[in-house]
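Have a look at the structure below, then the notes.
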Amino acid sequence: MPAITLPDGSIRRFDGPVTGTTIAADIGPGLARAALAMKVDEVLVDLSREITADAAVTFVTRKDAMALEMIRHDCAHVLAEAVQALFPGTQVTIGPSIENGFYYDFATEVPFTTDDFPAIEAKMREIIARNAAFERSVLPREDAIAFFQDKGETYKAELIRDLPASETITLYRQGDWIDLCRGPHMRGTGDVGTAFKLMRTAGAYWRGDHRNRMLSRIYGTAWRDQKELDAHLHMLAEAEKRDHRRIGKDMGLFHIQEEATGSVFWHPKGWKLYRTAEDYMRRRLDAGGYQEVKTPQLVDRVLWEKSGHWEKFREHMFLARVEEEEKTLALKPMNCPGAVMIFNQGLRSYRELPLRLAEMGQCHRYEPSGALHGIMRVRAFQQDDAHIFCTEDQIAAETVRFVELLSAIYRDFGFAEFRVKFSDRPATRAGTDAVWDRAEGALRDACAIAKVDYTLNPGEGAFYGPKLEFVLRDAIGRDWQCGTLQVDFVLPERLDAEYVDVDGGRKRPVMLHRAILGSFERFLGIVIEQYAGRFPLWLSPVQVAVATIVSDADGYAQEFTAALQAAGISVKLDLTNQKINAKIREHSLQHVPVIAVVGRKEAEQRMVALRRLGGDAQELLPFADAIARLQAEATAPDLRTA
RNA sequence: GCUGUUGUAGCUCAGUGGUAGAGCACUCCCUUGGUAAGGGAGAGGUCCAGGGUUCGAGUCCCUGCAACAGCACCA
């Protein structure tokens with residue numbers, strides 16, 4: 001006699017085991033039509049599942065966010081059936097729902113291409129129109145393995161073999177097509193609807209391991225209705241518009257070419273942006289108690305052998321040899337050994353600690369070709385690096401200090417929020433458990449003091465110590481790890497760093513590796529996408545465009561331009577023989593934040609009309625006021641007084 | 001690195017084995033105008049590179065390079 005409690009608190013009693021379908025029908029025909037699945041005591045199950053005991057039941061309809069996930073999951077099944085119908089001999093593997101859609105990995109001799117999509121989508125529509133019910137069945141493990149093995153589905157058989165013994169093996173049937181699946185599913189294939197689209201193909205390793213066979217993956221997106229699908233496609237188009245590679249080209253910021261893959265040619269405007277960021281960082285670091293240093297690009301392998309990089313990082317290092325010498329040099333992939341070399345000059349005292357050595361360190365790393373991505377993932381980049389030599393007792397205070405600095409800097413660049421990941425001791429590590437306890441404890445305490453919420457990243461720490469990772473999310477929703485703070489007990493040991501303690505004895509310092517932007521290249525890529533190229537005034541490479549309406553105003557425009565330049569503002573003077581409309585349009589497309597328009601009237605009255613990017617209002621100001629106003633607005637956030 | 005796709009004017013892209021195209025940008029001329037495209041003319045090409053098939057290759061085939069998407073990688 002199950003008593004079913006509904007979300008509104010009402011209770012319905014049934015004579016015996018009852019399915020969701022029956023309950024929904026009992027409540028009303030509207031719900032019977034709308035219900036796709038149900039939650040029984042908070043567990044999502046098929047509508048057709050029998051309920052035998054008292055339970056709280058909530059129905060899932062198309063309106064619920066949860067329906068979206070089911071639509072995508074079901075759509076993946078429909079995709080798999082369609083593919084197997086069209087391409088006999090193709091094996092199915094896995095096909096989950098993911099953010100915004102789903103994918104399915106197939107084992108096939110000939111990989112799929114987007115040319116296959118129209119046929120596959122047509123077949124999918126057929127399957128959806130047929131609206132075969134999803135039917136769940138439970139099979140003993142050995143039977144299930146035999147079933148898939150007989151069908152030639154070796155990947156499915158392998159999956160079942162590897163499922164934990166406690167797991168119930170369930171199959172789902174839709175018409176004649178059967179898949180191994182945990183479920184749950186909606187009522188039938190028709191519930192998927194028609195708001196889906198296959199997006200792209202890709203290779204993907206079986207079980208995500210590059211030693212395994214490459215499968216052919218098809219990505220799709222699916223939504224509750226056409227309107228949602230259209231909105232999603234529109235969002236993708238918008239995201240593409242703010243792609244930093246697109247904007248970099250359109251605004252003439254930088255380029256990359258074949259002869260130097262993974263390295264950036266910064267154009268004047270791009271380099272201006274870079275320098276603005278760099279100058280800002282220098283001021284922040286100076287104010288933050290850091291001393292800047294510079295260490296060599298080319299360093300003998302002997303040092304890399306000592307530091308451990310030769311062993312652990314060699315395949316990522318660019319080597320350089322010269323005919324005349326036996327030596328092998330390497331372009332530095334990291335700055336840390338260089339910093340230790342500076343620390344090691346002379347005898348250090350505990351009085352000098354914490355010693356914060358910053359370096360705008362140019363690094364080269366041989367990244368796999370497939371990893372390169374615009375200026376975000378490159379082979380030559382500059383880090384805003386620093387190494388803090390301190391005692392164990394100073395770790396917490398230095399961490400708090402660092403997080404404060406990092407927060408202020410991210411805020412100034414327009415990132416109000418960031419995530420923090422705490423990576424603790426990995427399985428293979430250097431140092432005793434006692435040392436790890438202290439290092440992790442110090443970091444945890446510091447996070448508490450600095451009021452930093454973090455998610456634990458178990459076992460992901462560096463072999464030499466725990467670390468914090470600071471992650472920003474870009475405009476296209478990708479996560480980028482920018483900042484990092486790593487506690488290192490190993491490198492000071494390997495490179496023999498030491499200081500004289502109060503008692504006159506020699507001690508090893510702890511080394512904190514830390515970066516805030518990470519790499520300038522990557523960070524600026526993120527900033528470009530964050531602002532879609534419409535930078536705040538202080539960052540904008542061209543801050544003001546001075547545009548004339550008539551050539552009679554040229555002299556006055558030149559005078560105003562010179563005054564802006566003298567005030568430290570980056571300005572572009574436009575005396576071209578074009579109508580003001582065309583000039584406005586051109587500079588607006590270049591995302592110049594302020595256009596100062598001068599015509600005959602302004603020249604006679606010694607005024608300027610300021611026009612802001614994105615607006616059409618004009619502000620008429622006297623010459624000197626305009627200069628003062630723009631100068632104040634263009635001031636970097638760390639230099640503002642008010 | 002792996003799988004797939006792509007590579008034509010500065011940019012965005014058409015191009016069916018038979019004389020290389022468009023729009024925008026660029027240069028020049030006309031136009032001096034009031035807040036997102038004034039008009040006209042002109043110039044601009046190793047069709048990614050190298051092989052092959054063919055009477056003939058931008059087009060078909062092979063190899064390489066690069067970019068893009070994803071996977072793996074990001075110590």
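Naming: A, B, ... by sequence-line order, numbering from 1 per chain. These figures come from a predicted structure and were not determined experimentally.
Taking the six-membered ring where the residue is Trp, A:H309 and A:F313 present perpendicular rings, their angle passing 60° and hence far from 30°.
A close approach under 4.0 Å does not occur between any side-chain nitrogen or oxygen of A:R377 and OP1 or OP2 of B:rC74. At B:rA69, one or more side-chain N or O atoms of A:R245 fall inside 4.0 Å of OP1 or OP2 (strictly under the cut-off). The side chain of A:R211 places no N or O atom within less than 4.0 Å of a non-bridging phosphate oxygen (OP1 or OP2) of B:rC2. Look at A:N581 and you'll find a side-chain N or O under 4.0 angstrom from OP1 or OP2 of B:rA36. For B:rA69, one of the phosphate oxygens OP1 or OP2 lies less than 4.0 angstrom from a side-chain nitrogen or oxygen of A:H373. A close approach under 4.0 Å does not occur between any side-chain nitrogen or oxygen of A:S216 and OP1 or OP2 of B:rU3. Remark: A:K583 is not in phosphate contact with B:rA37, judged by side-chain N or O atoms under 4.0 Å from OP1 or OP2.
As rounded to the nearest Å, B:rA49 and B:rC30 have C1' atoms that lie 45 Å from one another. Straight-line distance between the P atoms of B:rG45 and B:rG21: roughly 13 Å, to the nearest whole Å. With both ends at atom P, the span from B:rU54 to B:rU59 equals 16 Å, rounded to whole Å. Rounded to whole Å, the P atom of B:rU16 lies 13 Å from the corresponding atom of B:rG58. Comparing the P positions of B:rG7 and B:rC13 gives an interatomic distance of 10 Å, to the nearest angstrom. The separation of B:rG4 from B:rU19, taken at their P atoms, amounts to 34 Å, rounded to a whole angstrom. As rounded to the nearest Å, B:rG52 and B:rC74 have P atoms that lie 43 Å from one another. For the C1' atom pair drawn from B:rU27 and B:rA9, the interatomic distance equals 15 Å after rounding to whole Å.
Base engagement by A:S588 is indicated by at least one non-hydrogen atom pair under 4.0 Å involving a base atom. If you check every strand for non-hydrogen atoms under 4.0 Å, A:A609 touches a base. At the heavy-atom level, A:F463 lies nowhere under 4.0 Å from the strands shown. Among the heavy atoms of the strands, none lies under 4.0 Å from A:G615. A:R217 comes within 4.0 angstrom of sugar-phosphate atoms only, judged by non-hydrogen atoms across all strands, and of no base. Residue contacts for A:R246: at a heavy-atom cut-off of 4.0 Å it reaches the sugar-phosphate backbone alone, with no base atom in range. Heavy atoms of A:M334 sit under 4.0 angstrom from at least one base atom. When heavy atoms are screened at a 4.0 angstrom cut-off, A:I580 is found touching the sugar-phosphate backbone but no base atom.
Distance A:M214 CE to B:rA69 P: 16 Å, rounded to the nearest Å. Nucleotide B:rC74 holds its P atom 13 Å from the CG atom of A:N457, rounded to whole Å. When the P atom of B:rA69 is taken as reference, atom CG of A:D105 falls 19 Å away, rounded to whole Å. For the pair A:L620 CG and B:rG34 P, the interatomic distance rounds to 16 Å; values are reported in whole Å. Rounded to whole angstrom, the span from the CD atom of A:Q578 across to the P atom of B:rG33 amounts to 16 Å. Taking atom CZ of A:F117 as the reference point, atom P of B:rG70 lies 13 Å away to the nearest angstrom. Going from atom CD1 of A:I256 over to atom P of B:rC65 covers 19 Å, rounded to whole Å.
Cation-pi geometry between A:K312 and A:F463 is satisfied (NZ or CZ under 6.0 Å from the ring centre, within 45° of the ring normal).
Counting heavy-atom neighbours within 6.0 Å of A:H255 NE2, excluding the residue itself, gives a total above 12.
Closest to the side chain of A:R522, from the set B:rG33, B:rG70, B:rC74, is B:rC74. Of the candidate nucleotides B:rG4, B:rU35, B:rC71, B:rU35 has the atom lying nearest to any side-chain atom of A:Q618. Side-chain atoms of A:P368 lie closest to B:rC73 of the nucleotides B:rA37, B:rC73, B:rU3. Which of B:rG34, B:rA72, B:rG70 sits closest to the side chain of A:A202 comes down to B:rG70. Taking the side chain of A:S369 as heavy atoms from C-beta on, and the options B:rG1, B:rA67, B:rG33, the nearest nucleotide is B:rG1.
Between A:F343 and A:F389, the ring centre distance stays below 6.0 Å. Aromatic ring centres of A:Y531 and A:H244 lie farther apart than the 6.0 Å criterion allows.
Here the CD-CG distance, from A:Q618 to A:L610, works out to 10.0 Å after rounding to the nearest 0.5 Å.
Partner assigned to B:rG1 is B:rC71, using Watson-Crick or G-U wobble distances below 3.5 angstrom. Summarising the base pairing, B:rU27 is matched to B:rA41 through a Watson-Crick or G-U wobble pair whose two defining distances lie under 3.5 Å.
A:E602 contributes a side-chain N or O that forms a donor-acceptor pair with the base of B:rG34 under 3.5 Å. The base of B:rG1 is paired with the side chain of A:Y205 by a donor and an acceptor separated by under 3.5 Å. Side-chain atoms of A:T113 stay outside donor-acceptor range of the base of B:rU5, with no qualifying N/O pair under 3.5 Å. One cannot find a donor-acceptor pair under 3.5 Å joining the base of B:rC2 and the side-chain atoms of A:R213.
Every residue meeting the side-chain hydrogen bond (donor to acceptor under 3.5 Å, both in side chains) condition with A:Q91, not counting sequence neighbours, appears here in chain and number order: A:T154.
Across all their heavy atoms, A:V597 and A:E602 have their closest contact at O-CG, 3.9 Å.
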